[in-house]
Amino acid sequence: MLDLGFIRNHPELVKEAVRLKQSDFDVDQFLALDRQVLELQHQVETLRAEQNQISKRIGQAGKDKELRESLIAQGKQLAARLKELEPQLEALTEQRQQLLYLVPQIPDPSAPVGTSEEDNVPVRYWGEKPQFDFPLLDHYTLMQKLDLVDMERAAKIAGSRSYVLKGDAARLEMALLHFALDRIAAKGFTPLIVPAMAREFCFIGNGQFPRGRDQVYALEGEDTFLVGTAEVSITGMFKDEILSYEELPLTFVGFCPCFRKEAGTYGKDTRGVFRVHQFNKVEQYVICEASHEESVRWHEQLIRNAEELVQALEIPYRVVNVCTGDMGDGKVGMYDLECWVPSEGRYRETHSCSYFHDWQARRVNIRYRDRDGKVKFVHTLNNTAIASPRILIPLLENHQQPDGSVRIPEALRPYLGGQEVLQARR
RNA sequence: GGAGGGGUGGCAGAGCGGUCGAAUGCAGCCGUCUUGAAAACGGCCGGGCGAUGAGCCCCGGGGGUUCGAAUCCCCCCCCCUCCGCCA
């Protein structure tokens with residue numbers, strides 16, 4: 001969400017953002033509505049001022065019956081008039097608010113301009129792609145051979161895009177999550193395990209609603225929904241709070257199960273566990289002071305943190321600077337970390353690192369008092385630490401060996417009781 | 001799920017339906033005094049819209065009664081205590 005005043009004063013900048021983000025937001029229509037609201041608001045406030053005056057005088061009138069009655073009569077008139085106008089004002093204001101939620105954030109000038117992920121710009125590569133002198137297997141085949149997954153029975157209980165992780169895969173996933181949580185916590189981030197179900201305001205807050213509502217599972221008969229990322233819950237944690245600059249930055253590494261409908265992806269990534277309805281994720285989250293430099297510093301830090309994890313897992317990857325058309329409404333800038341998937345011969349997204357300036361903070365009303373005592377909206381950022389089972393894909397494929405086993409990277413072994421390879425059970 | 005109690009400014013805690021955006025205490029800020037600090041004293045001290053003005057709005061959220069609601073009524077949410085259920 002952008003500041004109303006900013007939109008009024010810089011409509012051209014907003015229009016440019018709309019174009020860059022490929023949004024359909026109509027700035028002129030919005031401003032016209034805004035003028036209507038202002039006009040009506042002025043009328044209503046004038047009436048209320050009169051009403052307040054009269055009420056006050058009624059209170060002061062004491063035993064003067066005649067005066068009282070004439071004032072009460074006037075008050076009644078004003079009340080009647082207000083009863084007409086107030087609902088109108090309320091409706092218009094609500095309409096404006098709903099539109100306000102759709103205004104895109106202004107992307108940073110450093111973000112590549114583009115319309116789809118084709119236009120994302122690689123900024124660096126790490127690791128050497130493995131050369132296989134044997135027929136390489138894709139992750140799903142590997143998992144089947146090693147008896148790590150049961151898709152048929154998963155479908156039986158939960159339908160498509162479900163999975164049962166089995167045997168060493170179950171242990172591996174726990175190990176990965178634990179590993180990621182530990183490593184990021186060691187950097188001073190506070191570990192959190194947050195609710196996977198959250199109220200609507202949390203989703204409005206992080207920007208999931210209203211636009212991505214169709215991707216979210218609603219719980220029947222309740223005002224709660226299943227989160228698609230811990231980001232939603234963590235954003236909601238600080239709703240309506242005014243923090244002190246002294247407690248900033250707040251850095252968290254949060255875990256929770258994540259749920260996504262994946263509506264509109266039928267037929268896409270159907271093999272294996274790449275795109276599933278439920279997964280587990282450890283997420284990095286930062287709340288910092290409202291400074292662009294500070295945001296950018298943390299953005300770089302978060303992506304480096306993720307890179308360290310992937311490096312420790314010995315998976316080749318690249319980082320791409322996500323283009324304006326692919327980054328989503330709320331973001332100022334975004335990196336994706338993409339891991340090398342040998343069976344597909346391409347890099348696939350496993351991590352997503354974004355900064356929002358105060359776009360999210362405005363939506364949930366998270367503020368802080370700066371050194372001068374001024375109240376400002378905070379800046380928020382987030383990045384994946386580890387999302388599983390997706391990370392299993394590059395992990396298993398890159399480390400597969402000629403005999404069909406999979407080497408476990410050293411960094412993970414302490415979490416697996418020292419185990420060095422995944423092998424088919426005899 | 002059942003019974004009871006409660007949600008007011010950073011915290012604590014008042015608040016007969018009118019002069020309450022709200023007493024008081026603590027914390028915080030500024031000043032006086034002091035070599036300095038503490039104490040004492042004086043002042044300031046919630047947030048939003050708006051131009052640092054006028055005015056308007058906010059006492060968990062939403063409705064209602066009333067000329068007028070923090071105060072009365074209804075619904076919901078959350079917290080606490082007890083009971084039930086339960087990993």
Got a list of side-chain donor-acceptor pairs under 3.5 Å for residues 218-225 of chain A, not counting sequence neighbours?
none

Exercise for the section: Check every strand shown and say whether A:N52 touches a base, only sugar-phosphate, or nothing at a heavy-atom separation below 4.0 Å. Expected result: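 Sugar-phosphate: the residue A:N52, judged by heavy atoms under 4.0 Å, touches backbone atoms but no base.
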
Exercise for the section: For A:D370, enumerate each residue passing the side chain to side chain contact (heavy atoms under 4.5 Å, CB included) test, keeping only those at least two apart in sequence or located in another chain. Expected result: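 A:Y368, A:D372, A:K374, A:K376.
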
Problem - All side chain to side chain contact (heavy atoms under 4.5 Å, CB included) counterparts of A:A180, not counting sequence neighbours - result: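 Result, side chain to side chain contact (heavy atoms under 4.5 Å, CB included) vs A:A180: A:V282, A:L309, A:A385, A:I386.
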
Practice task
Return the nucleotide paired to B:rA12: Watson-Crick means purine N1 to pyrimidine N3 with N6-O4 or O6-N4, wobble means G-U with N1-O2 and O6-N3, both under 3.5 Å.
Solution key: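 Across any shown strand, B:rA12 pairs with B:rU24.
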
Exercise for the section: Searching all strands shown, indicate the nucleotide that pairs with B:rU65 (Watson-Crick or G-U wobble; both distances under 3.5 Å). Expected result: none

Exercise for the section: Only pairs at least two apart or in different chains count here, so list each ring pair (Phe, Tyr, Trp, His ring centres under 6.0 Å) that has a residue in residues 18-48 of chain A. Expected result: A:F25-A:F30

Scan nucleotides 9-16 of chain B against the protein and return all N/O pairs shorter than 3.5 Å with their distances rounded to 0.1 Å.
none

Fill in the blank from the handout: Nucleotide by nucleotide, nucleotides 62-80 of chain B touches protein heavy atoms under 4.0 Å in the pattern (B base, S sugar-phosphate only, - none) -S-S-BS--------SS--

Detail all sub-3.5 Å separations between protein N/O atoms and N/O atoms belonging to nucleotides 49-52 of chain B.
from	atom 1	to	atom 2	distance (Å)
B:rG50	OP1	A:R8	NH1	3.3

Practice task
Applying salt bridge (charged side-chain N to carboxylate O under 4.0 Å, His left out), name anything that partners A:D108, two or more places apart in sequence or on another chain.
Solution key: none

Problem - salt bridge (charged side-chain N to carboxylate O under 4.0 Å, His left out) partners of A:E241, counting only residues at least two apart - result: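 If we apply the salt bridge (charged side-chain N to carboxylate O under 4.0 Å, His left out) test to A:E241, skipping adjacent residues, there are no hits.
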
For a quick test of your reading: what N or O donor-acceptor pairs under 3.5 Å do the side chains of residues 99-107 of chain A make, sequence neighbours left out?
from	atom 1	to	atom 2	distance (Å)
A:Y101	OH	A:Q97	NE2	3.4
A:Q105	NE2	A:F356	O	2.9

Show me the donor-acceptor pairs within less than 3.5 Å that the side chains of residues 247-260 of chain A make with the rest of the protein, sequence neighbours left out.
from	atom 1	to	atom 2	distance (Å)
A:E247	OE2	A:S244	N	2.9
A:R260	NE	A:G228	O	3.0
A:R260	NH2	A:G228	O	2.8

Which donor-acceptor pairs under 3.5 Å do the side chains of residues 406-418 of chain A make with protein atoms, sequence neighbours left out?
from	atom 1	to	atom 2	distance (Å)
A:R407	NH2	A:E314	OE1	2.4
A:R413	NE	A:I408	O	2.8
A:R413	NH2	A:I408	O	2.9
A:Y415	OH	A:D182	OD2	2.8

